[in-house]
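One structure below.
Every chain is numbered from 1 and lettered A, B, ... according to where its sequence line falls, protein lines coming before strand lines.
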Number of protein chains: 2
Amino acid sequence: MAIDYSKVKKILSSYGYSWTRPRELVFKAITGGPKTISAVIKLEQGKVDRVSVYRTLQLFEELGIIHRLYLGWKYKFELSDQFIAHHHHLVCNFCAKVIDIEDEQHINSFIKKESDKFDFKPTSHQFEIEGVCSDCSAKQLLVAA
Amino acid sequence: MAIDYSKVKKILSSYGYSWTRPRELVFKAITGGPKTISAVIKLEQGKVDRVSVYRTLQLFEELGIIHRLYLGWKYKFELSDQFIAHHHHLVCNFCAKVIDIEDEQHINSFIKKESDKFDFKPTSHQFEIEGVCSDCSAKQLLVAA
DNA sequence: TATATATTTGCAACATTTTTGCAAATATTA
DNA sequence: TAATATTTGCAAAAATGTTGCAAATATATA
């Protein structure tokens, strides 16, 4: 499945940035799923310099192309809502598996209600649930036995 | 206002850890509000070694005394729900102000519903809303004018 | 309370992660 | 294609986090 770059290209050029090989590679890496900075660096080793990976991810974040996702004690970069539907995650504390869950009206009405109280203008939110996935809780039982 | 250490002391001793001066100072630092590791290090400079701050925060986190709070691109440590009521935050992207908001039944029922779908056992969750606070949006308007 | 034992601390050194300055390479504009 | 602006990679520095170990402190036992 080929990746459609038209949207990123458009975002970059609209802010006066150019579409280059390193930027393409970094974008492609993130497209493959949420990744830590070091994962991207490793993946592109020899092709994109460490420093450029940092700079590119920073730029992408500023332009809202990607966002940070905090999982346990590390963070990963994930494509932003313009590229993949807004969603949240169930994160397993044992195997680090990530299950996507969909957003709910509940969440949005909660955000609106609380923000209004403080005259706060929400621009984004993050909601992660940590715990133990079904596979790991099965294994846990075996260990405990 | 004096700090009541009985609860932390109890937690530490129940796991076989002792209540020491460095641990007291680090705990006190966090009691003063969410802080980054380096903020704690700076605050206790000369009194507690850098390395001990790391080790103590790590221990406190393992024992559930504190938890990490991801705000923007840094994380801070905050007292856990046993010490201060469980809550979420509105984080201002301009002045970094943090407004505490209370938890809601909405959130819990959402977590239960989604977790059940995947036979997932939730142990904790994190929910942060970023945006612009009322003060900063007032200033923004001035700049724009 | 003194002594023995176990835990915790601080220091020094190391490893990893992130940032910065700058010249060379690449892209854009005319 | 030449001129200009942007972007990259490299080297080096700064910041952040980790480890091993001896000295200091706390706890348990007599």
Side-chain angles (χ1 to χ4, degrees), chain A residues 5-6 8-30 34-63 65-78 96, chain B residues 5-6 8-30 34-63 65-78 96:
Chain A
Y5 296 115
S6 59
V8 220
K9 285 184 178 175
K10 202 171 293 172
I11 295 172
L12 283 170
S13 76
S14 76
Y15 284 98
Y17 295 102
S18 37
W19 181 245
T20 65
R21 184 90 182 120
R23 284 174 184 161
E24 180 185 333
L25 290 171
V26 169
F27 182 76
K28 200 166 83 184
I30 301 298
K35 295 201 173 36
T36 59
I37 295 186
S38 46
V40 177
I41 290 173
K42 243 170 239 159
L43 196 65
E44 301 307 324
Q45 203 140 47
K47 283 175 282 180
V48 184
D49 187 79
R50 221 154 52 87
V51 177
S52 299
V53 171
Y54 275 100
R55 285 194 279 226
T56 303
L57 290 172
Q58 223 158 291
L59 179 68
F60 282 2
E61 192 179 24
E62 274 168 30
L63 302 184
I65 293 166
I66 59 177
H67 63 255
R68 282 170 203 234
L69 209 164
Y70 295 99
L71 306 171
W73 51 87
K74 294 267 171 187
Y75 64 81
K76 296 184 174 186
F77 284 103
E78 180 184 58
Chain B
Y5 296 115
S6 59
V8 221
K9 283 184 179 176
K10 202 171 293 174
I11 295 173
L12 284 170
S13 75
S14 76
Y15 284 98
Y17 294 103
S18 37
W19 180 246
T20 63
R21 183 90 183 121
R23 284 174 185 159
E24 179 184 333
L25 290 170
V26 170
F27 183 76
K28 199 165 84 184
I30 301 299
K35 295 203 173 35
T36 59
I37 295 186
S38 45
V40 177
I41 290 173
K42 242 170 240 157
L43 196 64
E44 301 306 324
Q45 204 141 46
K47 283 175 280 180
V48 185
D49 188 78
R50 216 161 58 86
V51 177
S52 299
V53 171
Y54 275 101
R55 285 195 278 224
T56 303
L57 290 172
Q58 224 158 291
L59 178 69
F60 283 2
E61 192 178 25
E62 275 168 30
L63 301 185
I65 294 166
I66 58 176
H67 63 254
R68 281 170 204 234
L69 211 164
Y70 293 99
L71 306 170
W73 53 85
K74 294 268 172 188
Y75 63 79
K76 295 183 175 186
F77 284 104
E78 181 185 57

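- For B:E78, there are no salt bridge (Lys or Arg N to Asp or Glu O under 4.0 Å) partners two or more places apart in sequence or in a different chain.
- Residues B:R23 and A:R55 each lie close to DNA chain C; by heavy-atom proximity, the contact nearer the 5' end of the strand is made by B:R23.
- Summary of helix geometry: the two end axes of the helix from C:dT1-D:dA30 to C:dA30-D:dT1, each defined by five base pairs via their C1' atoms, are inclined to each other by 40° (rounded to 10°).
- Contacts with DNA chain C (heavy atom under 4.0 Å) in residues 35-53 of chain A: A:R50, A:V51, listed by number.
- A:L12 CG to A:E24 CD: the interatomic distance, rounded to the nearest 0.5 Å, is 11.5 Å.
- The line from CZ of A:R50 to NZ of A:K42 is 12.5 Å long, rounded to the nearest 0.5 Å.
- Residues from residues 10-20 of chain B that place a heavy atom under 4.0 Å from any atom of DNA chain C, listed by number: B:Y17, B:S18, B:T20.
- Heavy-atom contacts of chain A under 4.0 Å fall on DNA chain C between two terminal nucleotides, which in 5' to 3' order are C:dT17 to C:dT28.
- Going from atom CG of A:L63 over to atom CD of A:Q58 covers 11.5 Å, rounded to the nearest 0.5 Å.
- For the pair B:R23/B:Y17, a side-chain contact is recorded, criterion being any heavy-atom separation below 4.5 Å from C-beta on.
- Contact detail for B:T56 and B:S52: the closest heavy-atom pair is OG1-O, 2.6 Å.
- Remark: A:Y54 is not in phosphate contact with D:dA15, judged by side-chain N or O atoms under 4.0 Å from OP1 or OP2.
- Aromatic ring orientation, A:W19 versus A:F27: perpendicular (interplanar angle above 60°, classes split at 30° and 60°).
- In this structure, CD on B:E44 lies 5.0 Å from CG on B:L25, to the nearest 0.5 angstrom.
- Here the CD1-CG distance, from A:I66 to A:L59, works out to 9.0 Å after rounding to the nearest 0.5 Å.
- Distance check: A:H67 NE2 to A:E61 CD gives 9.5 Å after rounding to the nearest 0.5 Å.
- Between B:I30 and B:L57 the shortest side-chain heavy-atom distance falls below 4.5 Å.
- Checked by atom type and distance alone, the side chain of B:K35 pairs as donor or acceptor with a backbone atom of B:A29 at under 3.5 Å.
- Partners of B:F77 by ring-ring contact (aromatic ring centres under 6.0 Å, His included), not counting sequence neighbours, listed by chain and number: B:Y75.
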